[in-house]
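The next block holds one structure in the form of structure tokens; read it before the comments.
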2 protein chains.
Amino acid sequence: MAATTAASSTDLIRAAGVKVTRGRVRVLDALNAARQPLCHGELELQLASADEASLDRVTLYRILDSLVACGLALKAVDTRGVFRFSAAAARHRHVDHVHFRCIDCGGVFCLKAELPPPPKLPRGFRLQQIDFDLRGLCAECGTRAA
Amino acid sequence: MAATTAASSTDLIRAAGVKVTRGRVRVLDALNAARQPLCHGELELQLASADEASLDRVTLYRILDSLVACGLALKAVDTRGVFRFSAAAARHRHVDHVHFRCIDCGGVFCLKAELPPPPKLPRGFRLQQIDFDLRGLCAECGTRAA
DNA sequence: CCAACAAACGCAACAATGTTGCATTTACGT
DNA sequence: ACGTAAATGCAACATTGTTGCGTTTGTTGG
Ligand SMILES: [Mn+2]
Ligand SMILES: [Mn+2]
Ligand SMILES: [Zn+2]
Ligand SMILES: [Zn+2]
């Protein structure tokens, strides 16, 4: 399992056209194994607890940036303003559909509805991503509230 | 207009059950006058450029926290992980149109485009709010990047 | 395999944003 | 006016993220 995962991460990194280093492989493995997006601190802890040498703080930041830059990881900010990273391969593609976010339980539900076309932007603005998020109570939380 | 706004902020703060201080009135006025959510730094600049004495950094943080705690302001994180504040009373002005969020400077821009109709929700889900957020680079940040 | 070179790394310093402790001042009910 | 809890100003600190630079390493062409 470990060998398979490592090989896979290695291949992904090489295919992305960047150097395959031990740090990148370990970080991408960790992101792929994670059940949820991890922040820098969580990754640092997790990599330190492994028996290999721990990564330098700055190197970890740069590895994460490089994985994001080559499309192998996704970066998003959490409610506290901390960046969290997830493996692009381990995650569904959430870029092309609508989400419902429950304001009570925090759950995110993928809706089977396509994104509406974006309106025209002011001159010079560059669109990179569209988020159509519906917020409210999910069925479970709505029932509990009533 | 200034007197009206100041009186209104004063009343709102008093009605919220907290002490009416010059700092709270100035900050709430600034939030109400703003066309987009402001971060701590933007508020500090704006309050310093007025001819009154500038607020202490920490006091501004605490004023913002107190306005949020008593429901007069809303706090949300921007794409860079920086907290932005808006007047709760001004929120209704942003519920019916699309926003563009710059991933570089964190700025929020109101677009003159109506929200698309929401797709059908799963049974039991209760819709309370619709966010159609476009993300990317604003004109200024896009120019600087190029 | 070797050498050359760009990329990546480790370390220190720095920057941006936000918090805590504490002495002093202020708002406001009495 | 007075007493008191709340708010303020200032210094120090914490957390998260970035920059500069000399050293090491992965990769590639010979
Ligand atoms: Mn999804
Ligand atoms: Mn931050
Ligand atoms: Zn829910
Ligand atoms: Zn911008």
Side-chain angles (χ1 to χ4, degrees), chain A residues 6-7 9-28 37-48 52-70 72-73 75-85, chain B residues 6 9-28 37-48 52-70 72-73 75-85 102-107 141 144-145:
Chain A
S9 287
T10 296
D11 292 347
L12 285 168
I13 293 166
R14 195 186 317 279
V18 296
K19 288 189 180 178
V20 178
T21 67
R22 175 186 309 243
R24 282 182 179 151
V25 173
R26 291 179 67 197
V27 171
L28 189 51
L38 302 176
C39 66
H40 177 274
E42 291 164 350
L43 274 163
E44 201 174 18
L45 266 182
Q46 194 167 321
L47 295 175
E52 287 191 68
S54 69
L55 281 174
D56 177 73
R57 250 174 53 79
V58 176
T59 300
L60 177 52
Y61 275 115
R62 292 202 266 230
I63 285 173
L64 288 167
D65 281 346
S66 75
L67 292 178
V68 170
C70 68
L72 293 176
K75 179 181 186 176
V77 69
D78 72 14
T79 52
R80 298 172 333 185
V82 175
F83 293 120
R84 305 192 85 93
F85 301 84
Chain B
S9 287
T10 296
D11 291 347
L12 285 167
I13 292 166
R14 196 187 317 279
V18 297
K19 289 189 181 178
V20 179
T21 68
R22 201 165 52 237
R24 281 182 181 153
V25 174
R26 292 178 68 196
V27 170
L28 189 51
L38 302 176
C39 65
H40 177 274
E42 290 164 349
L43 274 164
E44 201 174 17
L45 266 181
Q46 195 167 320
L47 296 176
E52 286 190 70
S54 67
L55 281 173
D56 178 74
R57 253 175 52 79
V58 176
T59 300
L60 177 52
Y61 274 116
R62 293 203 265 231
I63 285 174
L64 288 168
D65 281 345
S66 75
L67 291 178
V68 170
C70 67
L72 293 175
K75 179 181 187 176
V77 71
D78 74 13
T79 52
R80 299 171 320 169
V82 174
F83 292 120
R84 286 182 174 268
F85 300 85
C102 178
I103 60 174
D104 196 48
C105 68
C141 293
R144 192 167 46 242

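Sequence lines set the chain letters: A, B, ... in the order given, protein chains first and strands last, and positions in each chain run from 1.
Summarising the geometry, the separation between CZ on F85(B) and P on dG18(C) is reported as 7 Å, rounded to the nearest angstrom. One interatomic measurement links the two molecules: CD of E42(A) to C1' of dT16(D), which rounds to 13 Å at whole-angstrom precision. The nearest whole Å value for the distance from the CG atom in D78(B) to the P atom in dT17(C) is 9 Å. If you take CD1 of I13(B) and P of dC28(C), they are 10 Å apart, rounded to a whole angstrom. Here the P atom of nucleotide dC10(D) and the CD atom of E44(B) are 12 Å apart, to the nearest Å. Whole-Å rounding puts the F83(A) CZ to dA16(C) C1' distance at 12 Å. For R24(B) and dG9(D), the CZ to C1' distance is 15 Å, given to the nearest whole Å. Following rounding to the nearest Å, R22(A) (CZ) and dA8(C) (C1') show an atom-to-atom distance of 14 Å.
Of the candidates dG18(C), dG9(D), dG10(C), dG10(C) carries the atom nearest the D56(A) side chain, counting heavy atoms from C-beta on. Here the nucleotide nearest the side chain of V18(B), chosen from dT8(D), dG10(C), dA7(D), is dA7(D). The side chain of K19(A) lies closest to dA7(C) when the candidates are dT18(D), dT19(C), dA7(C). For V20(B), taking side-chain heavy atoms from C-beta onward, the closest of the listed nucleotides dC9(C), dC28(C), dT27(D) is dC28(C).
Among the protein residues, R14(A) comes within range of the sugar-phosphate backbone only, with heavy atoms under 4.0 Å from sugar or phosphate atoms but none that close to a base. Residue V58(B) is classed as a base contact, given a heavy-atom separation below 4.0 Å to a base.
Atoms CG and CZ, from L28(A) and F85(A) in turn, are 13.0 Å apart once rounded to the nearest 0.5 Å.
With hydrogens and angles ignored, a donor-acceptor pair under 3.5 angstrom links the side chain of R62(B) to the base of dG9(D). For a distance-only test at 3.5 Å, the side chain of R57(A) fails to qualify as a donor-acceptor partner of the base of dG10(C).
A salt bridge does not link R57(A) with E44(A): none of the charged nitrogens is closer than 4.0 Å to a carboxylate oxygen. In this structure, R80(B) does not pair ionically with D104(B), as no charged nitrogen and carboxylate oxygen lie closer than 4.0 Å.
Contact annotation: T21(B) reaches the phosphate of dT8(D) (side-chain N/O to OP1 or OP2, under 4.0 Å).
No side-chain heavy atom of V77(A) sits less than 4.5 Å from a side-chain heavy atom of V82(A). Counting only heavy atoms from C-beta outward, the side chains of R84(A) and E42(A) approach each other to under 4.5 Å.
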